[in-house]
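For reference, the structure is listed below as C-alpha cells.
All chains are named by letter (A, B, ...) in the order of the sequence lines, taking the proteins before the strands, and each is independently numbered beginning at 1.
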Number of protein chains: 2
Amino acid sequence: MDNTDRMIIKELQDNGRMKMKELGERVHLTGQAAASSRVQKLEDEGIIESYTIRVNEKKMGYPVHCFLTIITDSLHHQPYFAFLETKQEYVRNNYKISGEGCYLLECRFPSNEELDGFLVQLNKHVSYKLSIVIRE
Amino acid sequence: MDNTDRMIIKELQDNGRMKMKELGERVHLTGQAAASSRVQKLEDEGIIESYTIRVNEKKMGYPVHCFLTIITDSLHHQPYFAFLETKQEYVRNNYKISGEGCYLLECRFPSNEELDGFLVQLNKHVSYKLSIVIRE
DNA sequence: ACGATTTACTTGATTCTTGAAAGGATTGTG
DNA sequence: CACAATCCTTTCAAGAATCAAGTAAATCGT
C-alpha cells in the first residue's frame, strides 16, 4: 500500500469505470498492465471491496432522507431486525452505536406520508428520535 | 424508467464494472448495444450520478467510525465549515438536519487518540453529542 | 559486498469489449 | 393504413484487456 496505490484508489473513487490505460497514465505507469495488476492486488487484499454506482435517490423516487436514533429498553432486538427486513426498500443503513440510543438507522422514503406510516409501525417495537436531512 | 432500467441499476450497484454484454444478458437484452444505450440514457438523465468503488476503511487505516450530532447556538456556522475544510481527511458526510442538533457529522479516524484530538478542536466552535459505531 | 531471489514494471501478441451504423420490430398517431 | 418514433438487434472496425516473456529494481541471506 504505497502512494501509487492511494492515487489509484482516489482515481477509482472518482471514476470506478476508468480504463486501465487512463488510470495507468494518471498515476504515472506506462501501459495498462501495471495499473491492472495493482488494481487486482487491491481487490485480492480486500481494500477495494466492490465497484458500484452513485444513484440519485431523489430522481429514483426517494427524496425524503432521515436518520433515526433507535432507543429500546428490551433486551430482545430480534423483532426490530425482523421489522427492518420487511422494510428493506426504505432502509439504507443500520449502525449499532454507543452513545445515545442503540442503533442509528438511515432511511429513504418517497414522501412524508410513507415516512409516517413507517414510524407508526416502528413504534410498535422501539422508541426513536427523528432527524430529517435538509441538505446532504 | 421502466423495470429493465431498475434491473440495470441494481446490477450496476452490485458490480459497477460489469461488461455491457453481461449486463445485457442479465436484463434479457441481446448484445451490448441495447444495454449500453440504456446506461447512457440513465447517465444523461442524472439517475446514475457516477461510478465509484467501496473501500475497506478499516484496511485503509480508518477503523474508528462515528457520528456527531452538532449543536450550536451561534448564528454563524462559517467557522464550523472552515474547520471541517481543514479536516477533510476525517470527514465523510455533513448532513444539515432538523430535529436534535443542526448537523449530523459522519467521520472516520485512525484511532481514538485522533478522534479525541479532533473533538478538542471541534469543541472550540460547536457543541456535540458523540455516537461511535460498534457494527456497520 | 555479493549473488540469488523476489517483486514490480514494460513490451508485444492475442483475445475480448466497445461504439457506430444500418436495418427491423413494435407502438402510437393522424 | 401509412407514417414517425422508439427501441432492439446485427455487424464490423477500433480500442482495451489479458496473457506471457523479458527486464530492471529491490530485498534477503551469507
Side-chain angles (χ1 to χ4, degrees), chain A residues 1-63 88-90 108 110-111, chain B residues 1-63 88-90 108-111 114:
Chain A
M1 168 57 63
D2 59 9
N3 203 47
T4 301
D5 284 336
R6 272 183 283 273
M7 285 167 70
I8 286 175
I9 286 167
K10 213 168 284 175
E11 291 295 338
L12 288 178
Q13 280 176 332
D14 282 357
N15 179 9
R17 256 189 116 88
M18 186 178 292
K19 307 289 181 215
M20 288 301 126
K21 189 188 167 192
E22 186 184 350
L23 180 58
E25 285 165 6
R26 282 175 181 263
V27 303
H28 311 114
L29 293 174
T30 308
Q32 74 280 71
S36 208
S37 72
R38 274 182 179 263
V39 169
Q40 183 65 52
K41 197 193 62 189
L42 290 169
E43 292 172 8
D44 294 345
E45 291 171 352
I47 293 172
I48 295 177
E49 292 181 336
S50 64
Y51 296 85
T52 186
I53 52 175
R54 268 191 279 267
V55 171
N56 188 317
E57 295 249 30
K58 196 170 155 192
K59 291 184 178 169
M60 285 291 286
Y62 293 86
Q88 290 187 44
E89 178 192 354
Y90 305 130
R108 288 270 187 178
S111 68
Chain B
M1 168 57 62
D2 59 9
N3 203 48
T4 300
D5 285 336
R6 272 182 284 272
M7 285 167 69
I8 286 174
I9 286 167
K10 213 167 283 175
E11 292 295 338
L12 289 178
Q13 281 175 331
D14 282 356
N15 178 9
R17 260 188 113 85
M18 188 178 291
K19 306 293 181 215
M20 288 302 128
K21 187 186 165 193
E22 186 185 349
L23 180 58
E25 286 165 4
R26 283 173 180 265
V27 303
H28 311 113
L29 294 173
T30 307
Q32 102 293 81
S36 201
S37 72
R38 273 180 179 265
V39 169
Q40 183 65 52
K41 196 193 64 193
L42 290 169
E43 292 172 7
D44 294 344
E45 291 171 351
I47 292 173
I48 295 177
E49 292 181 335
S50 64
Y51 296 85
T52 186
I53 51 175
R54 268 190 279 266
V55 171
N56 187 317
E57 295 250 29
K58 195 170 157 192
K59 291 184 178 169
M60 285 291 285
Y62 292 86
Q88 289 186 44
E89 179 193 352
Y90 306 131
R108 287 270 186 178
F109 297 95
S111 67
E114 309 236 4

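Between its opening and closing five pairs, the helix from dA1(C)-dT30(D) to dG30(C)-dC1(D) changes axis direction by 40°, a value rounded to 10 degrees.
Straight-line distance from the NE2 atom of His28(A) to the P atom of dT10(C): 12 Å, rounded to whole Å. Atoms CD (Glu25(B)) and C1' (dC16(C)) sit 13 Å apart, rounded to a whole Å. Counting to the nearest Å, the P atom of dA21(C) and the CD atom of Gln40(B) are 14 Å from each other. The CG atom of Asp5(A) sits 15 Å away from the P atom of dT7(C) (whole-angstrom rounding). Separating the CG atom of Leu23(A) from the P atom of dC9(C) is a distance of 12 Å, rounded to the nearest angstrom.
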Legend entry - nucleotides 11-19 of chain D: protein proximity per nucleotide (B base, S sugar-phosphate only, - neither; heavy atom, under 4.0 Å): -----SBB-
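Residues Glu11(A) and Asn15(A) bring no donor and acceptor atom of their side chains to less than 3.5 Å of each other.
Within the 4.5 Å cutoff, no side-chain heavy atoms of Met60(A) are placed close to those of Arg108(A). Side-chain atoms of Glu45(A) and Met1(A), non-hydrogen and from C-beta on, never get closer than 4.5 Å to each other. With contacts defined as side-chain heavy-atom distances shorter than 4.5 Å, the pair Arg26(B)/Met18(B) qualifies. Residues Leu42(B) and Lys59(A) have side chains not in contact (no heavy-atom distance under 4.5 Å, counting atoms from C-beta outward).
Between Val55(A) and Gln13(B), the closest heavy-atom pair is CG2-NE2, 3.5 Å. Annotation for Glu114(B) and Tyr90(B): closest pair OE1-OH, 2.6 Å, computed over non-hydrogen atoms. Shown here for Ile53(B) and Ile9(A), the closest heavy-atom pair between the two residues is CD1-O, 3.8 Å.
For Arg38(B), the side-chain atoms get nearest to dC7(D) when compared with the rest of dT9(D), dT10(C), dC7(D).
A close approach under 4.0 Å does not occur between any side-chain nitrogen or oxygen of Thr30(B) and OP1 or OP2 of dC8(D).
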